[in-house]
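What follows is one structure encoded as structure tokens, with my remarks underneath.
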Amino acid sequence: MQQNDSIHAMRHSLAHIMAAAITRLWPEAKLGVGPVVEHGFYYDIDLGHQTISTENFKRIEKEMRKIIARNEAFEYFELPIDEALAWATTAKQPYKEQLLNDLKREGTTSMSGLDSEQVGVATENPSKVEKVSFYRNGDFVDLCRGPHVESTGKVGAFKLLRIAGAYWRGNENNPQMQRLYGVGFATDEELQAHLHQLEEAKKRDHRKLGKELDLFTFSDLVGQGLPLFTPRGTIVRDLLGALSQGLQAAHGYQRVTIPHITKTDLYKKSGHYDKYPERFNVSSVESTDEFMMKPMNCPHHAQLYASRPRSYKELPIRYMENTMVYRDEKAGELHGLSRVRAATQDDGHVFCTVEQIEDEFTSIMTMIRQLYDVFGMQLRARLSFRDNSDTYLGEPELWDKAQQTIEAVAQKLGLDYFIAEGEAAFYGPKIDILVTDALGREWQCATQQLDFVQPMRFGLTYTSQDGSEQQPVMIHKALLGSFERFMAVYIEHTEGRLPFWLAPEQVRILTINDSVESYVDKITTILSKTLLMEPVKYNELRFTTDMRNESLGKKIREAVALKIPMQLIIGPKDVVAKQVSVRMHNKEVTVPLDELSGFIVKESTM
RNA sequence: GCCGACAUAGCUCAGUUGGUAGAGCAGCGGUUUUGUAAACCGCGGGUCGUGGGUUCGAGUCCCUCUGUCGGCUCCA
């Protein structure tokens, strides 16, 4: 704890030193805020029409080092609020003035609960704070809550990393400032280790690996956020889909199929139309109706349910479909496969009675756990419940009962969970699953949501045991979530080294010379009869043969670059010994020809 | 969408103060028949992302558009 406090003070002090250095280099700089963030700090600066680029970092760092070398003390002092305001005016620091106005009026600079018009506005009312604190080092003075290290010499190791635009107080109507980011650590070793870690993360970037492993690509002509999957990438997608659907089939889900464009009327009736400004409209369909690309599948599945009268005896009805949805995400939000405009969901909808919710949630949670066990990923559940606001539709008693059920399921299954009040959708509570990747980052993948509203809007019913008409509850669920996002997460998690069952090319035969051709025929006959049943059923072995007139070294190099998990090296010695030399990521063994098939099946599950 | 940076051969990149493009790998042809991460020789390949402008002359300078990357959540 002690150490956390001291590193925090170091980083905060570095923010001040950076601001001091910039003020020295650009005396007209207007300062915003300069907080501590994970691994470092930033400061928001307004230089008017001038721009700072990363080329200026050396100059700024040099100036910072001078301040550090002078080992100036950080002196604390307080000023009455009105004197502080006078200081801001004299120092020509309008952003500081706004912060002081907020302090005077609200007693805090936190904007939560404030109308945006109020932020930064002066008040004539009595101040909520009497005095505000300042820190001074050398001739640089800044409004600051602290804490700081004793003097500028005690800030550890730092490096300026990047620069970005950021709106003053996060509001896009405000002036945009330049945000300079730096990292800071107690020792140079820690700094170097951090920079090294950043390099490692870069190596795992799924956009880079996707290209190297020939999994997917993008095209300017097709458009932003619209990935194209190569044959290899498509194999991975299909297998992920097969795994998800295999699990679901075992839990009573049936596949359905719907078209990808729809009359907008469908989404007007479901209530999604107004909630989805990022829809893709399709204007040239020859009809008086307006059409759009589907941003979600639930209304369609609801129409399948509504296609004929339903009895309580049929429930639960469970539909599943791996299908693409289209959303016009903001251009700046797009990022490789993790945020796209065409995303494939392993979507599913359950129509059931209120009494059946518990069993269905248990079943869905069980599938999610089975799925992420296969990937070896840890998960955490966020139970998104309603708060006391009136934005939620449906009977409050139903909500309470459902939320109790959901938490009971989480407890029963021993989930690592937490409750997020106010995070529920307007139509019902949900469980979102967060998975942690190898770099410790958390991603939202699987989700399951209760929906009280769509059955109502679409007038879905079933006939109950006593002959009365009842409304079913709808459950939305996705196990992988979006295939695209999951692939991004999983590629980075595994560094592109996909497990054997999922590798697009599982085995490559590498020949040493062309005297082994007929022996290779025997091997391919064995491989083509080898079938994997776990974790996806009837998974035929995917293999190729490299008989090119190239050196073995080169063939190995290429196979390794594609992260093909198993290479069979075949030369004259192997022919004589009736064996195969098997080369894998971490080991190399020789296997008798008649044991090859069994060996591969065994290795595939490890 | 907004701010900043970037866009040169299939890939990774070089291209000096403006004087109409280079390397390695990949590809193709030949030689080589090879035992654990790149054999050798040769050849072809680029409207320098798009459109416009400045200039005698633009990959290089200016503008537009498209795309890519980093941010736009962290609150004295």
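Throughout, a chain's letter reflects where its sequence line sits, starting with A, and its residues are numbered from 1.
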* When you match Leu221(A) and Leu334(A) each to their closest nucleotide on RNA chain B, which lands nearer the 5' end? ->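 The residue mapped nearer the 5' terminus is Leu221(A).
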
query: Given that Asp220(A) and Met177(A) both sit by RNA chain B, which one's nearest nucleotide is further toward the 5' end?
result: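 Comparing both residues, the 5'-ward one is Met177(A).
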
**Request:** Record whether the side chain of Ser581(A) comes under 3.5 Å of the base of G35(B) through a donor-acceptor pair of N or O atoms.
**Result:**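 Such a pair is found, so the answer is yes.
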
OP1 or OP2 of [N] versus the side-chain N and O atoms of [X]: is any pair under 4.0 Å?
X: Gln224(A); N: U66(B); result: no
X: His12(A); N: A76(B); result: no
X: Lys563(A); N: A37(B); result: no
X: Arg179(A); N: U73(B); result: no
X: Tyr42(A); N: G70(B); result: no

Query raised in the report: Angle class for the Phe74(A)/His16(A) ring planes (parallel below 30°, perpendicular above 60°, tilted otherwise)?
Result: perpendicular

Distance between [atom1] atoms of [N] and [M] (Å, rounded):
N: U60(B); M: G22(B); atom1: C1'; value: 15 Å
N: G29(B); M: G45(B); atom1: C1'; value: 15 Å
N: A5(B); M: U73(B); atom1: C1'; value: 22 Å
N: G24(B); M: C61(B); atom1: C1'; value: 31 Å
N: C11(B); M: U55(B); atom1: C1'; value: 35 Å
N: G30(B); M: G70(B); atom1: P; value: 45 Å
N: C65(B); M: G1(B); atom1: C1'; value: 16 Å
N: C48(B); M: A23(B); atom1: C1'; value: 16 Å

Self-check item: Salt bridge flag under 4.0 Å for residues Arg24(A) and Asp139(A)
Solution: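 Looking at Asp139(A) together with Arg24(A), the answer is yes, because their closest N to O distance falls below 4.0 Å.
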
Using whole Å, report how far [atom1] of [X] lies from [atom2] of [N].
X: Phe77(A); N: A76(B); atom1: CZ; atom2: C1'; value: 13 Å
X: Leu100(A); N: A76(B); atom1: CG; atom2: C1'; value: 8 Å
X: Met584(A); N: U36(B); atom1: CE; atom2: P; value: 18 Å
X: Leu180(A); N: G4(B); atom1: CG; atom2: P; value: 14 Å
X: Tyr519(A); N: G35(B); atom1: OH; atom2: P; value: 18 Å

Hunt down the Watson-Crick or G-U wobble partner of [N], both distances under 3.5 Å, from any strand shown, or write none.
N: C2(B); result: G71(B)
N: G44(B); result: none
N: A7(B); result: U66(B)
N: U33(B); result: none
N: A14(B); result: none

Given [options], which nucleotide is nearest the side-chain atoms of [X]?
X: Glu333(A); options: G70(B), C72(B), A38(B); value: C72(B)
X: Val37(A); options: U36(B), C74(B), C11(B); value: C74(B)
X: Tyr181(A); options: U36(B), C74(B), G1(B); value: C74(B)
X: Arg207(A); options: G1(B), G35(B), G70(B); value: G70(B)
X: Glu550(A); options: A76(B), A39(B), A38(B); value: A39(B)
X: Lys211(A); options: C11(B), G1(B), U33(B); value: C11(B)
X: Pro35(A); options: A38(B), U36(B), C75(B); value: C75(B)
X: Val33(A); options: A76(B), A37(B), C69(B); value: A76(B)
X: Lys96(A); options: G35(B), A37(B), A76(B); value: A76(B)
X: Arg557(A); options: G1(B), U36(B), A38(B); value: A38(B)

- With ring centroids as reference points, do Phe280(A) and Tyr326(A) lie under 6.0 angstrom apart? no

| query | Under 6.0 Å between the ring centres of Phe185(A) and His194(A)? | reply | yes

Within the 4.0 Å heavy-atom criterion, would you say [X] contacts the bases, only the backbone, or no part of the nucleic acid?
X: Lys573(A); value: base
X: Asp574(A); value: base
X: Ser515(A); value: nothing
X: Glu588(A); value: base
X: Val132(A); value: base
X: Gly553(A); value: sugar-phosphate

Between Lys555(A) (side chain) and Arg548(A) (backbone), is there a donor-acceptor pair under 3.5 Å?
yes

Is a side-chain donor or acceptor of Glu442(A) paired with a backbone partner of Val435(A) at a separation under 3.5 angstrom? no

Practice problem: Check whether more than 12 heavy atoms from other residues, nucleotides or ligands sit under 6.0 Å from atom NZ of Lys159(A), and answer yes or no. | Solution: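 Count not over threshold, so no.
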
Going by atom types alone, do Thr152(A) and Asn137(A) pair a side-chain donor with an acceptor below 3.5 Å? no

Practice item. Test Trp87(A) against Gln93(A) for side chain to side chain donor-acceptor pair (under 3.5 Å), laying out the working first. Key: CA-CA 9 Å; Trp87(A) 163 82; Gln93(A) 290 295 349; over 6 Å; no

